[in-house]
Amino acid sequence: MSRFGNRVVVVTGASSGIGRATALRLARDGATVALVALDDEDLELAAEDCRATGSTALAIPADVTDPAQVEAAYDQAETLGPVKAAFSNAGISVVAPALSMSDDVWLRQVQVNLTGSFLVAREAARRMIPHGGGSIVLTGSELGILGQAGLAGYTATKGGVLSMTRVLAAEWAQYAIRVNSISPGVTDTPMLATEFATAADPARARADTEATVALGRIAKPDEIAAVVAFLLSDDASYVTGSNVVADGGRTSCFPADTSA
């Protein structure tokens with residue numbers, strides 16, 4: 001039997017990066033996947049990749065900051081069956097010094113990363129309760145644990161996601177709903193590529209970043225997707241309220257000094 005047995009899983013931010021990789025991993029593991037993202041051609045292409053595995057997949061355009069659109073997205077997902085799992089992954093990052101960051105830039109990050117995560121999780125729980133529970137994973141970040149200059153908005157929202165995960169896990173355990181978060185480290189996604197592209201020396205920026213990771217490399221989206229799939233599955237049936245850090249050791253240990 002497949003790991004997910006055709007259970008319906010909602011994935012937001014599913015058109016690229018970690019979201020897309022996770023949707024594909026879930027499809028390969030036998031899930032029926034509802035892919036949610038802003039409306040663009042990449043969303044349908046991601047859904048087509050999932051269908052190519054033999055699983056059912058539905059592309060659902062929606063803005064996670066709009067409660068009505070989130071509710072409508074779950075309505076569409078439920079045409080595939082009861083929603084038993086959800087991965088809230090939509091997010092944005094804007095590099096801006098705190099002193100000069102505009103109110104709009106701050107608020108947009110809060111709306112997408114924090115409010116969006118709450119709306120997606122809350123609607124998932126509302127759909128899961130009548131069907132005996134389920135599993136929810138929210139996307140945090142290693143920068144919800146560390147600080148990084150220029151990312152006050154992003155780090156604040158990701159720290160909020162980690163705190164919210166613990167509260168939702170406590171509140172919803174009575175409904176057999178598990179809530180966990182994953183905190184990826186630097187991962188080869190379009191967001192990271194954009195960050196490197198704006199550096200004075202992109203190749204040097206990448207090398208410098210890799211040098212801060214104990215494993216000495218940047219993660220592949222598939223590696224993060226594997227952890228999310230575990231947390232969403234019954235293999236993690238006794239895991240809730242946890243934050244799994246998948247950062248190659250960056251927040252917990254220094255890289256070995258090989259210069260000696």
Can you tell me how far [atom2] of [Y] sits from [atom1] of [X], rounded to the nearest 0.5 angstrom?
| X | Y | atom1 | atom2 | result |
| --- | --- | --- | --- | --- |
| D247 | I218 | CG | CD1 | 12.5 Å |
| D42 | L35 | CG | CG | 12.0 Å |
| L151 | L146 | CG | CG | 11.5 Å |
| R126 | E123 | CZ | CD | 5.5 Å |
| T155 | I145 | OG1 | CD1 | 12.0 Å |
| E142 | Q148 | CD | CD | 8.0 Å |

Do [X] and [Y] make a side-chain contact, defined as non-hydrogen atoms from C-beta onward lying under 4.5 Å apart?
| X | Y | result |
| --- | --- | --- |
| V161 | N113 | no |
| T209 | F196 | yes |
| S252 | V245 | no |

Give me the atom names and distance for the closest heavy-atom approach of [X] to [Y].
| X | Y | result |
| --- | --- | --- |
| S117 | L138 | O-CD2, 4.1 Å |
| A229 | R25 | CB-CG, 3.9 Å |
| V213 | G248 | CG1-O, 3.5 Å |
| M101 | G153 | CE-N, 3.8 Å |
| A23 | V33 | O-CG2, 3.8 Å |
| T240 | A169 | OG1-CB, 3.6 Å |

Please determine whether residues [X] and [Y] belong to a single hydrophobic cluster, defined as Ile, Leu, Val, Met, Phe, Trp and Tyr linked transitively by side-chain heavy-atom distances below 4.5 Å.
| X | Y | result |
| --- | --- | --- |
| V105 | V112 | no |
| V137 | V167 | no |
| F118 | V36 | yes |
| F4 | I136 | no |
| V179 | V11 | no |

Can you give the donor-acceptor pairs under 3.5 Å from side chains of residues 80-99 to other protein atoms, not counting sequence neighbours?
from	atom 1	to	atom 2	distance (Å)
K84	NZ	H131	O	2.9
K84	NZ	G133	O	2.9
N89	OD1	T139	OG1	3.1

Among residues at least two apart in sequence or on other chains, which ones pass side chain to side chain contact (heavy atoms under 4.5 Å, CB included) with D234?
R7

Would you indicate whether E41, at its atom CD, is surrounded by more than 12 heavy atoms from other residues, nucleotides or ligands within a distance under 6.0 Å?
no

Can you establish whether the number of heavy atoms outside D103 located under 6.0 Å from its atom CG is more than 12?
no

Pair E48 + R51, salt bridge at N-O below 4.0 Å
no

Is the backbone of [Y] close enough, under 3.5 Å, to the side chain of [X] for a donor and an acceptor to pair up by distance?
| X | Y | result |
| --- | --- | --- |
| T157 | Y154 | yes |
| S233 | D235 | yes |
| Y74 | V120 | yes |

Non-neighbouring partners of D208 that pass side chain to side chain donor-acceptor pair (under 3.5 Å), sequence neighbours left out
R204

Got a sec, which pairs hit salt bridge (Lys or Arg N to Asp or Glu O under 4.0 Å) with one end in residues 68-79, sequence neighbours left out?
D75-R127, E78-R127

Show me the donor-acceptor pairs, under 3.5 Å and distance only, between side chains in residues 53-64 and residues at least two apart or in other chains.
from	atom 1	to	atom 2	distance (Å)
T53	OG1	C50	O	2.6
T53	OG1	S55	N	3.4
S55	OG	A27	O	2.7
S55	OG	A31	O	3.4
D63	OD1	T65	N	2.9
D63	OD1	T65	OG1	2.8
D63	OD2	T65	OG1	3.3

Pairs flagged by side-chain hydrogen bond (donor to acceptor under 3.5 Å, both in side chains) wherever residues 178-188 is involved - sequence neighbours left out:
S135-R178, S181-N243, S183-N243, D188-R206

